[in-house]
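Here is how names work: the chains are called A, B, and so on, in the same order as the sequence lines, proteins then strands, and each is numbered from 1.
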Amino acid sequence: MFLMFRSQVEAALGDALRTCGYPPTDLALEVKSDYADLTSLVGFKLAPFLKREPAHIAQTIVEHVHPQGFIGRVEVIGPYINFFVGEAYLHETLRVVLEQNYRYGHTGASGTVILEHTSANPNGPLHIGHIRNSVIGDTLRRSLQHAGYDVETQYYVNNMGRQIALVVWGMMHHELDERKKSDHATADVYVQANADVELQPTKLLEVRHLMRSFERGDEDIARLFEDAVQFCICGITDTLKELGITHDVFVWESEFLDDIDGLIDELKRYEIIENDGSIHIDLSSFGITNNLVMRRSDGTSVYATRDIAYHVWKAGRCHRMIDVLGADHKLNALQVGAVLDLLAVKPPEIVFFEFISLPEGSMSTRRGHFVSADEVLVRVVEKAYEEFDKRRPKLSEAEKRSIAKAVGIGATRYDLLRVSADKPMVFDWTEALDFERQGAPFLQYAHARARNILIKTSMEGDYDPALLSDDYERKLIKICAAFPAVIDEVTLNLRVNVLATYARELSEAFNQFYRYMPVLSAEPSVRRARVALVRCVRTVLRNALSCLGIEPVESM
RNA sequence: GGGCCCGUGGCUUAGUCAGGAUAUAGCACCGGCCUUCUAAGCCGGUGGUCGAGGGUUCAAAUCCCUCCGGGUCCGCCA
């Protein structure tokens, strides 16, 4: 709805510029809700050409703007041209939200998206840093689907590198702890194997031998690798499931082994392959100073080459190819992008996120220094239970457990989403367990309140939207109207934190409305209108929460 | 050493890509509001030279340069 208003403003301004005889230019539109619904600073842009005061230009333009459609009013304050939405905009918003219901927020987008996220090495459990990837990725998946895309999520499984060979070697020499979740048991073995190898570097030869046997096609060895990877992945998917995250496809890295010869042949056409036993590629024309090794001198493949083959395969199967990667992959992604460019394959769109470290330093699976996602989830849900039990002790145990889980998981997801992805974070237990205001519980609480009102009303007949004339009501409707524009922004720029902020602002506006505008006790006609508004807010909030992967609880 | 990212009130943080009217919100701190739809809520207050210094511009948290502090990458690892 907001996007329509915006294009109407653009059209009206364009017309006015023409009738004034001004050249078309940047309309410099911006949203500053304190002043107007949309503001144009076009006067500043034209001033150098017309050699007149911006305020004077703005005044002249406004005299030729004809408010129509959703534009209710135009005013000029100094150089600022302020546009205000009219009643029709508010009424239409309510109508559209209620009509589209679960679909409201779609942007008319279409096409297929392959979205790769998480893709952590199966050498241990997901830790809190991996989860930042998963939650961003999953929120993108939900938002893209809501926008209208057909999305396939993929987990790219490293099932053949040195780290996995170490896991396999570790499992051959150490007992797996049966009592532990499989990914945690894998980490134990992996940490021990690393320690062993550090103590006796000759053991590394055995690990290398495993890698070479795998790549040469030794079936017995391949089975060992497969079992080890599958074993750990089971634990990882359990954790993801707890977070409400599933992948459509698990793509195993080794599947691309067969593509590598063809890939290298094709790159030879560009005559940038050098051969000194190994094969590497000079990417200096892309501003990348380090040569990229495509094949080791012993003939085995490297991760980068397989990754390129993987991207070539994906690119042919979708309209948009999106990767969620840790910031440490930036150089690698640049290299992959450069080679794809040589192959005339479109590069992926990449969402980079910065690391989460511990107060004592960075995390490391290899050294066993990490806080696992499982551990965080258990403690957060436990804390949510305590908090909830204090507030609603009379509910059944099952209800308490279920709501505590929704709140705990939601809080964890929201904490990872609310901060811009390129901000480094430091994990802190007291912070993680503190359900600070305006985190996920704040949003869920607002939703529960709206739901609570709706439960107490039957289907109310027609409503008169004109009765929703209070500032609290108008503000709420305007925020609801912006939802599709937010989804548009999230799916185009791939920035999930704007959705998190949006949901917070909507909840805040609803809580204000809730405090000052009684619904159930209002006189019948007003009551009908407010119930419609509450239904509208509840719909938008529920859709937004669902994109964030936060369960919209019915009561709390 | 070079590349990339971050640096906004005591703490966490929005806004930076697409420069514009009083810099966003939370936590903490101080003070109000539950015979009225769930107070995990609402309202008010204290607190900021937007890391530092230059520059561009009518206008800079936002763009450019230099420097400082923190992170990260620079493997025939993945």
Side-chain angles (χ1 to χ4, degrees), chain A residues 26 28-30 32 34-36 39 41 44 47-48 53-54 77-80 82 119-121 123 158 160-164 253 276-280 287-291 293-304 306-307 326-332 334 352-355 357 362 384 387-388 390-392 407 415 418-426 428 431 434-446 448-457 493 495 497-498 500-501 504-505 507-508 510-522 527 530-531 534 555-556:
Chain A
D26 174 14
L29 293 178
E30 62 175 48
K32 279 264 183 172
D34 286 352
Y35 301 103
T39 297
L41 295 148
F44 281 115
E53 289 289 307
I77 293 180
Y80 301 96
N82 291 330
S119 301
N121 285 334
N123 55 4
N158 163 24
M160 58 177 292
R162 191 171 79 166
Q163 298 179 38
I164 303 312
E253 208 181 303
D276 60 349
S278 68
I279 296 179
H280 49 192
I288 301 168
T289 49
N290 318 65
N291 275 12
V293 174
M294 303 282 290
R295 174 174 280 164
R296 297 194 188 94
S297 41
D298 67 2
T300 57
S301 63
V302 292
Y303 167 84
R306 304 189 290 265
D307 200 27
D328 57 332
H329 279 68
K330 279 188 179 177
L331 175 61
N332 183 260
L334 217 57
F352 289 109
F353 66 93
E354 289 289 335
F355 274 28
S357 54
S362 57
E387 293 293 321
F388 188 60
K390 266 188 249 169
R391 295 174 166 89
R392 307 286 294 277
V407 169
D415 278 346
R418 54 178 248 274
V419 179
S420 147
D422 46 27
K423 218 95 161 184
M425 297 174 95
V426 177
D428 181 271
E431 243 167 65
D434 175 27
F435 301 134
E436 71 183 50
R437 217 176 79 98
Q438 299 199 333
F442 178 80
L443 315 182
Q444 290 169 311
Y445 186 67
R449 280 177 142 188
R451 189 67 193 126
N452 197 244
I453 290 175
L454 295 175
I455 281 170
K456 293 179 175 152
T457 57
N493 297 342
R495 289 166 28 147
N497 67 309
V498 318
T501 304
R504 174 174 62 73
E505 282 168 355
S507 304
E508 194 170 36
F510 178 71
N511 279 330
Q512 289 164 348
F513 162 85
Y514 186 92
R515 165 71 179 78
Y516 294 106
M517 305 273 110
V519 177
L520 300 179
S521 60
R527 172 184 157 118
R530 288 188 183 158
V531 166
V534 172
S555 116
M556 67 182 275

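With a cut-off of 3.5 Å on both Watson-Crick or G-U wobble distances, the partner of B:G19 is given as none. Using N1 to N3 plus N6-O4 or O6-N4 for Watson-Crick, or N1-O2 and O6-N3 for G-U wobble, each under 3.5 Å, B:A25 pairs with B:U12. Remark: B:A40 base-pairs with no nucleotide in the shown strands. Criterion, Watson-Crick or G-U wobble with two distances under 3.5 Å. Both distances falling under 3.5 Å, in either a Watson-Crick or a G-U wobble arrangement, occur for no nucleotide opposite B:A61. Checking B:C34 for Watson-Crick or G-U wobble geometry (two distances, each under 3.5 Å) identifies no partner in any strand. Shown here, B:A52 forms a base pair with B:U66; the pair counts as Watson-Crick or G-U wobble because both key distances fall under 3.5 Å.
Nucleic acid contact class of A:N497 (heavy atoms, under 4.0 Å, all strands): sugar-phosphate only. Looking at heavy-atom distances under 4.0 Å, A:M294 makes no contact with the nucleic acid at all. Within the nucleic acid shown, A:D307 has no heavy atom closer than 4.0 Å to any nucleic acid atom. A:F388 comes within 4.0 angstrom of a nucleotide base, judged by non-hydrogen atoms across all strands. No contact: A:R451 has no heavy atom under 4.0 Å from any strand. Nucleic acid contact class of A:E30 (heavy atoms, under 4.0 Å, all strands): sugar-phosphate only. Heavy atoms of A:F442 sit under 4.0 angstrom from primed sugar atoms or phosphate atoms, though from no base atom.
In this structure, A:I453 places its CD1 atom 16 Å from P of B:G41, rounding to the nearest Å. Regarding A:N493, its CG atom lies at a distance of 11 Å from the P atom of B:G15, rounded to whole Å. Atom CZ of A:F352 and atom P of B:C4 are 13 Å apart (whole Å). Going from atom CG of A:D434 over to atom C1' of B:U12 covers 11 Å, rounded to whole Å. To the nearest angstrom, P of B:G41 lies 18 Å from CZ of A:F513. Rounded to whole angstrom, the span from the CD atom of A:E508 across to the C1' atom of B:G41 amounts to 11 Å. Distance, A:D428 CG to B:U13 C1': 15 Å, rounded to whole Å. Note: CZ (A:F510) to P (B:C37) measures 13 Å, nearest angstrom.
When the P atom is compared between B:U13 and B:G26, the two are found 16 Å apart, to the nearest whole Å. Comparing B:U8 with B:G2, their P atoms sit 25 Å apart, to the nearest whole Å. As rounded to the nearest Å, B:C65 and B:A18 have C1' atoms that lie 22 Å from one another. For the P atoms, the distance from B:U72 to B:G10 is 26 Å, rounded to whole Å. For B:C17 and B:G51, the P atoms lie 15 Å apart once the distance is rounded to whole Å. B:U46 and B:C27 have their C1' atoms separated by 15 Å, given to the nearest Å. With P as the reference atom, B:A28 and B:U16 are 28 Å apart, rounded to whole Å. Comparing the P positions of B:G45 and B:C5 gives an interatomic distance of 39 Å, to the nearest angstrom.
Counting all heavy atoms, side chain and backbone alike, A:V302 lies closest to A:V293 at CG2-O, 3.2 Å. Of all heavy-atom pairs between A:E253 and A:M160, the closest is OE2-CG, 4.2 Å. In terms of heavy atoms, A:A450 sits closest to A:V534 at O-CG1, 3.6 Å. Taking all atoms of both residues into account, the shortest heavy-atom contact from A:S555 to A:R392 is OG-NH1, 4.1 Å. The two residues A:F355 and A:G326 come nearest to each other via the heavy atoms CE1-CA, 4.4 Å.
Out of B:G15, B:G20, B:A40, the shortest distance to the side chain of A:F435 is found at B:A40. Minimum atom distance to the side chain of A:Y80 is reached by B:A21, of the listed B:A39, B:A21, B:G41. For A:F44, the listed nucleotide lying nearest its side chain is B:C58; candidates were B:C37, B:A40, B:C58. Distance from the side chain of A:D422 is smallest to B:C6 among B:A25, B:A39, B:C6. Distance from the side chain of A:R504 is smallest to B:A25 among B:A25, B:C37, B:C6. Distance from the side chain of A:K330 is smallest for B:C5 among the nucleotides B:C5, B:U16, B:C37. Which of B:U16, B:A25, B:A21 sits closest to the side chain of A:K32 comes down to B:A21. Closest approach to the A:R418 side chain among B:U12, B:C37, B:U8 is made by B:U12 (side chain taken as heavy atoms from C-beta onward). Set against B:G20, B:A40, B:A21, the side chain of A:L41 has B:G20 as its closest nucleotide.
The main-chain N or O of A:P518 is found under 3.5 Å from a side-chain atom of A:R530 such that the two form a donor-acceptor pair. With hydrogens and angles disregarded, a donor-acceptor distance shorter than 3.5 Å links the side chain of A:R306 to the backbone of A:S301.
For A:T39 against B:A21, a side-chain-to-base donor-acceptor contact under 3.5 Å is present.
Applying the 4.0 Å criterion to OP1 and OP2 of B:A39, one finds that A:R392 has every side-chain N and O outside that range. Distances shown here put every side-chain N or O of A:N82 at or beyond 4.0 Å from the OP1 or OP2 atom of B:A21. The side chain of A:Q512 places an N or O atom within less than 4.0 Å of a non-bridging phosphate oxygen (OP1 or OP2) of B:C43. Between A:K390 and B:A40, a side-chain N or O to OP1/OP2 separation shorter than 4.0 Å is absent.
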B/S/- contact track for nucleotides 72-78 of chain B, protein heavy atom under 4.0 Å: SSSBBSB

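Residue whose closest nucleotide on RNA chain B sits further toward the 5' end, between A:A421 and A:Y516: A:A421. Judged by closest nucleotide on RNA chain B, A:I77 is the one of A:I77 and A:M556 placed further toward the 5' end.
Between the side chains of A:N511 and A:R449, at least one donor-acceptor pair of N or O atoms lies under 3.5 Å.
Contact of the A:N332 side chain with the A:D307 side chain is registered, since non-hydrogen atoms from C-beta on lie closer than 4.5 Å.
Few gaps surround CD on A:E30; more than 12 heavy atoms of other groups in view lie less than 6.0 Å from it.
Screening A:T501, A:N497, A:V498 for a side-chain contact (heavy atoms from CB on, under 4.5 Å) involving A:S420 leaves a single residue, A:N497.
Anti is the classification of B:C17, since its glycosidic angle lies more than 90° from 0.
Once rounded to the nearest 0.5 Å, the distance linking CZ of A:R527 with CD1 of A:I453 reads 10.0 Å.
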